[in-house]
Amino acid sequence: MSSRVLPQFDLLTPQSISEAVAMLAQYQGQVAVLAGGTDLLVWNYIRKLKPDYVLRLSNLDGLDYLNYVPGEGLRIGARAKVAQLLEHPDVAEKFPALHQAASTFATPQIRNMATIVGNVLRASPAGDCSCAILALGGQVLLQGPGGQRLVDIDDFWVAYGVTKRKYDELAVELRIPEPTSATRSAFIRMTRVHEDLAKLNVAVRLEMSQDTCSQARISMGCVGPTLVRLKQTEKLLNGKKITDELLQQLAASAQDEITPIDDQRSTADYRRQVAGVILRRVIEQAIETH
Amino acid sequence: MSEKTFVGKNIPKLDAREKATGQSIYAADLQLPGMLYGKIVRCWDHAHAKVLNLDLSEAVKVPGVVKVLGPKDVTQKNYNTGVLDLMVPEELGQLLGDIEDQRIFTDHVRHQGDAICGIIAESEEIAEIAAGKVKVLYEPLPVYLSAEESARPDAFQFDERKPGNRAFQLPEQMFPGNAYGWGDVDVEMAKADLIVEETFYLPKVKQCQMEPHAYVAHYDQTGRLNCWTSTQMPKCVQPKLARLFELPLSRVNLVSTTIGGGFGARLGMVFEPETCAMALAVPGRPVKVQSAREEDWVASESRHPGKYWMKLGVMKDGTPVAMDAHFTSNAGAYFTHSSGVPFTTGSWLTGMYKFGAIRYKGDTFYTNQAPSGAFRGYGNPQTNFALEQIVDQACNQLNIDPVDWRKKWHKGVGDDGWCIGVPYSSCALDECLERGAEAIGWKEKRARYANQSGTLRRGVGVGVMTHTSGAMPMLLEHTTCTVKMNEDASVVITLSCSDLGQGSHTVLKQIAADTLGMPMDEIHILVNMDAAGFDIGSHASRTTYVGGGAVIKACEDVKRQLIERAAIRLGISEEELEIEDRQVFARHDRDKRLSVKEICHTGVYNFTNPETGETNGVPGQIKGYASHFPGHNSPPFGACFAEIEVDIETGVVNVLELVIAHDIGRAINPMAVEGQLQGGAHQALGMILTEETCYDKKGLCRNNSFTDYKMLGPVDMPKLTTILVEQPDPIAPLGMKSVGEAGPVNPVGATANAISHALGIMFTEAPITPERILQALSEQKVA
């Protein structure tokens, strides 16, 4: 429910990462971190969180980078906007899944505000960039009072809205590994209208050798409490030549591996029916785009 | 008026710049000295409940709260937010069974969002905080979400005056058998070679006007109740408020604020009663009440959802011998438009085709959904969804081209119009069908898409419609207009017609400028309810047609007076004089002339020579006036063609193009007409593809915001081609016919038929979502 009453909180504006981490430690889990604000500043959401403090990253100038480091991959700072994914020439070429997710993500206005790391930290099962990132693989760099640690994206989401980040840690960077020349990736989402949260999204990263997939990562969204890897389906794909028959098997497997529900945006039945179709299409798209 | 300088031109809307740059002042923008803020406390957790106890004690204690009003602290009178009572004679209203069943604050919650009490405070925030401290003890009552449920014999009775929870059916005294139409349907149906029978389901769609309902009310020191509102119908809301609060009309002042979209959402009263009740409780201090979008959604009206049964009998050659139809609509929690919509829904049906016999029944049942009411088209989109699809089903089975069938069987000039007994005065539907079919490539695509395989299947569909220009003779049609000539011959036109954003004030100014033969920028339109006379309000696609008629008459009255005075001054008979270029001159001696400015100036600055006793002109400021009752309703027709593509693996529909050919009679402002058709198409596509207000089992709304309820956005809209067919209506002023309400009508049928053409499946339930398409495809094993 919308409201005219502003939530009550103190606004924290750290000038450095270490100050931010110190504040997170001091206020022990009572802090909501504000980056782009496209989720948090929808007041309905902040009312659910009821934070005593909002810590904004606006003065941490050093965190707005999005760099491609040859041999290493993408380095995405905590304040990098989704729009930056579309501006960076290497993203479209080397990380097509992420580029495609960013290009369909919300609206231009939201893309100019929302951060990529924020999308991951939101831990929504419908996150588009997150879906692509789960398929591409990666790590979240967390900085706490005792130093930094890397958490694999596969382990990062614990439950709806919950991540492995500890209260006294700040997510400072997202790392996405360098693709090889054999890497293919793609992303597809389904929505009711263009400007909407996904009712279903899917992304793949495939290591291809001729027509054979040596290794696959498949992520799907809106089919469970968090984004999920379809690991059973990946196994069916690994080491196989991609044929129409295999694609059909994968589609059937994907349907079995997900646990969708009915909600505002779609039905469990529909999601199950279509999951296999869009998995097949995203694989075809990944292969075709090269 | 042979030469048209402004009529027929693409004049930009007068308010476009203000609106686009954020300069328009809406009710929510108003700040008055000493203003307080009201909050309507609503029931959010129940759709049907009795209030057993209302504890306001904690709310009163919140610092900054000025007053808390419970149900007993405001007038005990009932009301009906709808305005049918002002539009039909009292006896007819009684016959239709119209009742007043709404209360300002209630102890019987009939839908989620029903108003329980009101808080008046020094700030909006304080009012909301206090609202959170109101403690209500509810006794839940059974919840009914469909007419079928509430019509059950053992169901809770909403109103003792309405047994069986049937708010309305066509009255037996007027319509024996509770039906209207003509011929003997049973006899004719029995002759049919083919009978197509279907039940259709219509969704509850919301107007989604941009401006949420907001008001300021002020019971001032002179004892006047002032209310700032963006209502579509100021001159109807004023007497309704006067009656509710027992004040003479002269002590109720309505101030029309910029309207941020109407579409029927502001037809009649919305939250004016609650706002005014609060203002009356704090005399001398203005009170502002704003509603959040979620509030607007659950507590204001929507389009009537319901079940539409239809049975069409045709001969092998396509002759439509009989139509039998029954629309059972869902009134929601209160009576409001329970008689108007189901009544009119049938008018659009009886008005469309030359059925040998037809029988239409319409009724309405109470439920615990938010009240249904007026929404652009007023029953017409509902009829279009059912009628246009069932016609295509018959055509398909008889292998008749749907365009050919429509050309042969649509009603036209001289046939009974949508209002039985009032014949159509003009009809350009054939030209609409021909030009539309040509533009979409009908014949070629219809044949090409007949047999398809593969994942993407295309289809083309057609839908036609007729509507009305004003609601005469069914409802009151009356607009007044005053044209005051200033001493410099510039003009102030005073009227109470609303401009919902459709550009009606622009169009009225164009008409006035041409009638008076002067530039638009020397004309000011004043909308002031104290100064202006009556106008029934902006509804039924009437403002250009009826308001325009009033403007023409009042301007002609000015011209008559100018000629009258010039005749005196020039000593030439009135018949000899005419006006051109702001000069009154003798037809046969153009040197004998007097400027309009001279006449107007000397009428005001009129001096008498003390010696001669002569004056320098004819005294008196010129004012033209019209109290206009139109003689007809000049219905427009239209044909829409849709081309779509369906992905049969996902059920996703991609609308490729809509061609909308509209029988406008005469386009006063072609760009504005196109805008109406485009905006209407947007709403129609929403109804047919994505939009529906949904409730959970408890009757709580599941999608009361734009996050959860999805209209199409700019990127989702297809290519739109509009064709304005101009065959002037012989009766209408300037030959013009309406467009506003027609907009969202036939893109509904055209799009549904296009989907059906692509898949060979008729969808009887809207919106036709990918979920429904995929389910139907799997049931029918289309591959």
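We name chains A, B, ... by the order of the sequence lines, and we start the count at 1 in each one.
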Let me know if [X] has heavy atoms under 4.5 Å from chain A in its side chain, its backbone, both or neither.
| X | result |
| --- | --- |
| S291(B) | backbone |
| T650(B) | both |
| P770(B) | both |
| D696(B) | neither |

Pick from E649(B), Q775(B), E125(B): which one has the most heavy-atom pairs with chain A under 4.5 Å?
E649(B)
Out of E124(B), K39(B), R293(B), which one racks up the most heavy-atom pairs below 4.5 Å with chain A?
E124(B)
So, E234(A) and K231(A), do they make that salt bridge, N to O below 4.0 Å?
no
Is the closest basic N to carboxylate O distance between D716(B) and K710(B) below 4.0 Å?
no
Taking side chain as C-beta onward, heavy atoms only, is M190(A) less than 4.5 Å from S266(A)?
no
T693(B) and K206(B) side chains, donor-acceptor separation under 3.5 Å:
no
Most chain B-contacting option - heavy-atom pairs closer than 4.5 Å, from D196(A), T191(A), D269(A), I278(A)
D196(A)
Honestly, the part of R281(A) sitting under 4.5 Å from a heavy atom of chain B is side chain
Do we get K199(A) above Y270(A)'s six-membered ring, with its NZ or CZ under 6.0 Å from the centre and within 45° of the axis?
yes
On the ring face of F271(B), is R42(B) found with NZ or CZ under 6.0 Å from the centre and within 45° of the axis?
yes
